[in-house]
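All of these numbers come straight from a predicted model, not from anything done at the bench. Side-chain atoms are counted along with the backbone in the values below, which use heavy atoms only and exclude waters and symmetry mates.
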Amino acid sequence: MAESTKSAKLIIDGKEYELPIYTPTAGPDVIDIRKLYAQADVFTYDPGFTSTAACDSTITFIDGEEGVLLHRGYPIDQLAGKSHYLEVCYLLLYGELPSPAELEDFEHRVTNHTMLHEQMMNFFRGFRRDAHPMAVMVGVVGAMSAFYHDSTDITDEWQREVASIRLIAKMPTIAAMAYKYTVGQPFVYPRNDLDYASNFLRMCFAVPAEEYVVDPILSRAMDRIFTLHADHEQNASTSTVRLASSSGANPFACIAAGIACLWGPAHGGANQACLEMLKEIGTPDKIPEYIARAKDKNDPFRLMGFGHRVYKNFDPRATVMKESADEVLELLGVENNPILQVAKELEKQALEDPYFTEKKLFPNVDFYSGIILEAMGFPTSMFTPIFALSRTVGWISQWKEMIADPQNKIGRPRQLYLGETKRDYVDIENR
């Protein structure tokens, strides 16, 4: 815990209270209000917790005004450009970049935990064929606690480590099987001779009738999508994982809770919403009409995939993602895909329009990731499961950090109660 070097004075009903202020290594100062209720009998009011620090953390830092995203101090563009997903996983989990021997050991442990318990196949078959893959993932990940009893004791550091590796290793298998189930194809088992991203693509698109060879450009693009979504500080799903884990719930239940939260269209479904918008636009010639609608405050239409809730300048992940998008589209082509034609032309016209550039409404990571996944052949229903797969390591890192924090206590937000005051029950015959 940081040490307080200054304080803030708060006056309530003429009485003065002194609250400690903590200075982080980066970002705004934080006022400690933990004793405010006990001393002054008042709560703070902050819907959405947008001005509240619920924890201290050493994992990820975001400066939305400057467009900065750091993992353990390393800029995201450097990690996405020079590193790869499993190395970033190691960094998030353990705090430092691995040595060659450490990375080799970590990759070996992940690779050798990719298979699922064979009885878990019965869970997939219990779902309807048209079930959303996210529904399948919530159920299957939550059910892992029924199969892996040797990694559910959160007080045991080794069991926490085993659970972490299992979740990172098995999530691509679960996501790929959820996809295969919904399209009526047989499951494809993982292969230990492939890298993390290539293995996932093969499990999604290979069929028994022919050999499937992963294109390295697609594998690299997939790896970048994983890397750029690995963690994003205290967002809604991460906060959900932390809140669930504060009760002492097992790690599989906590990650399932994170997946359920990510399912929301305002969170993990943003790239799916972006592709649905592109389909609504339909053809490049209609783009000026939709841009005009986006500028009209009285029109409910909004350009999805532009701007960001956190980043008020530009999304630092988007630059790297655009490089991958250009590489993938060059490889696969856009000539025969009207959705991708609309995306490329919309990007061009929006970046040339002063309305968007002055308001800093640049294409974000969701815009480009949606384009890439569409070009690869993923249906929009798989966009959020891929996001969940990517974010699993961030959830686990935050979970492990919270469990090891001596200040950890069960989450219990307060409320501003506006309901009825006490009143007496009236017998039904007198109402």
Side-chain angles (χ1 to χ4, degrees), residues 1-2 22 24-28 30-34 43-44 46-62 64 69-72 88-89 91-95 134 137-138 141-142 144-145 151-157 159-168 171 229-264 266-268 309-310 384 387-415:
M1 180 65 189
Y22 301 112
T25 53
V30 176
I31 300 174
D32 186 348
I33 61 168
R34 284 177 292 178
F43 298 144
T44 57
D46 183 21
F49 309 109
T50 55
S51 297
T52 299
C55 64
D56 54 61
S57 181
T58 62
I59 299 172
T60 298
F61 172 73
I62 296 172
L69 171 59
L70 307 177
H71 290 325
R72 304 288 190 180
V88 173
C89 287
L91 173 67
L92 290 171
L93 285 169
Y94 305 115
M134 283 295 277
M137 290 186 70
V138 169
V141 172
M144 287 176 71
S145 60
S151 53
T152 56
D153 183 358
I154 66 170
T155 64
D156 186 317
E157 185 176 355
Q159 290 200 29
R160 296 201 299 268
E161 177 69 13
V162 172
S164 301
I165 297 298
R166 277 185 172 144
L167 280 160
I168 294 169
M171 200 63 76
H229 289 88
D231 191 55
H232 210 237
E233 206 220 67
Q234 308 306 317
N235 52 78
S237 58
T238 299
S239 298
T240 298
V241 171
R242 278 184 172 264
L243 190 59
S245 66
S246 74
S247 71
N250 71 74
F252 306 110
C254 294
I255 300 306
I259 295 172
C261 180
L262 188 73
W263 196 353
H267 191 5
R309 166 81 179 271
V310 173
T384 315
F387 194 160
L389 187 172
S390 312
R391 183 56 55 84
T392 295
V393 67
W395 292 332
I396 293 169
S397 300
Q398 301 275 349
W399 169 77
K400 289 183 69 177
E401 182 179 66
M402 180 177 182
I403 296 298
D405 187 350
Q407 299 181 99
N408 179 26
K409 60 175 64 177
I410 187 168
R412 179 59 170 87
R414 301 292 190 167
Q415 66 178 12

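Scanning both residues, A230 and R391, for their nearest heavy atoms gives O-CD, 3.4 Å. Between L243 and G411, the shortest heavy-atom contact is CD1-CA, 3.6 Å. Across every non-hydrogen atom of N250 and S145, the tightest pair is OD1-CB, 3.5 Å. Shortest non-hydrogen contact noted between S151 and A163 is O-CB, 3.5 Å. Closest of all the heavy-atom pairs between I259 and M134 is O-CE, 3.2 Å. Listed here is the closest heavy atom pair of F43 and R414: CZ-CD, 3.5 Å.
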Practice task
I would like to know whether R34 and Q407 meet side-chain contact (heavy atoms from CB on, under 4.5 Å); could you show each step before the answer?
Solution key: CA-CA 12 Å; R34 284 177 292 178; Q407 299 181 99; 3.0 Å; yes
Handout entry: Worked verdict on W399 versus I154 for side-chain contact (heavy atoms from CB on, under 4.5 Å)
Key = CA-CA 10 Å; W399 169 77; I154 66 170; 3.9 Å; yes
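Annotation: side chain of T58 is not in contact with side chain of T25 (no heavy-atom distance under 4.5 Å). A 4.5 Å side-chain heavy-atom check between F61 and R72 finds every atom pair outside the cut-off. Counting heavy atoms from C-beta on, the side chains of D405 and D56 come closer than 4.5 Å.
At least one donor-acceptor pair under 3.5 Å links the side chain of D46 to the backbone N or O of T52. Listed for the S239 side chain is no donor-acceptor partner under 3.5 Å among the backbone atoms of A236. A donor-acceptor pair under 3.5 Å is formed between the side chain of T392 and the backbone N or O of A388.
Legend: residues meeting side chain to side chain contact (heavy atoms under 4.5 Å, CB included) with D156, ordered by chain and number and at least two apart, are D153, W158, Q159. In this structure H71 satisfies the side chain to side chain donor-acceptor pair (under 3.5 Å) test together with T60, sequence neighbours excluded.
Side-chain atoms of S237 and N235 form a donor-acceptor pair, as typed in the model, at a separation below 3.5 Å. Residues H232 and T238 have side chains that never bring a donor and an acceptor to within less than 3.5 angstrom of each other. No hydrogens or angles considered: nothing links the side chains of Q398 and E233 as a donor-acceptor pair under 3.5 Å.
Between the SG atom in C89 and the CD1 atom in I168 there is a gap of 5.0 Å [rounded to 0.5 Å]. Annotation: the span from D231 atom CG to W395 atom CH2 amounts to 10.5 Å, rounded to 0.5 Å. From T152, atom OG1 reaches atom CZ of R160 across 12.5 Å, with rounding to the nearest 0.5 Å. Between atom CD of residue E161 and atom CD1 of residue I396 there is a gap of 10.0 Å, rounded to the nearest 0.5 Å. Taken to the nearest 0.5 Å, the OG1 atom of T44 stands 9.0 Å off from the CZ atom of F49. For the atom pair T384 OG1 and H267 NE2, the distance stands at 10.0 Å (nearest 0.5 Å).
Applying the salt bridge (charged side-chain N to carboxylate O under 4.0 Å, His left out) test to every pair with at least one member in residues 234-261, sequence neighbours left out, gives these pairs: R242-E401.
Considering S246, C254, C261 as possible partners of V241, the one that fulfils the side-chain contact (heavy atoms from CB on, under 4.5 Å) test is C254.
Within 6.0 Å of the CG atom in L70, the count of heavy atoms belonging to other residues, nucleotides or ligands exceeds 12.
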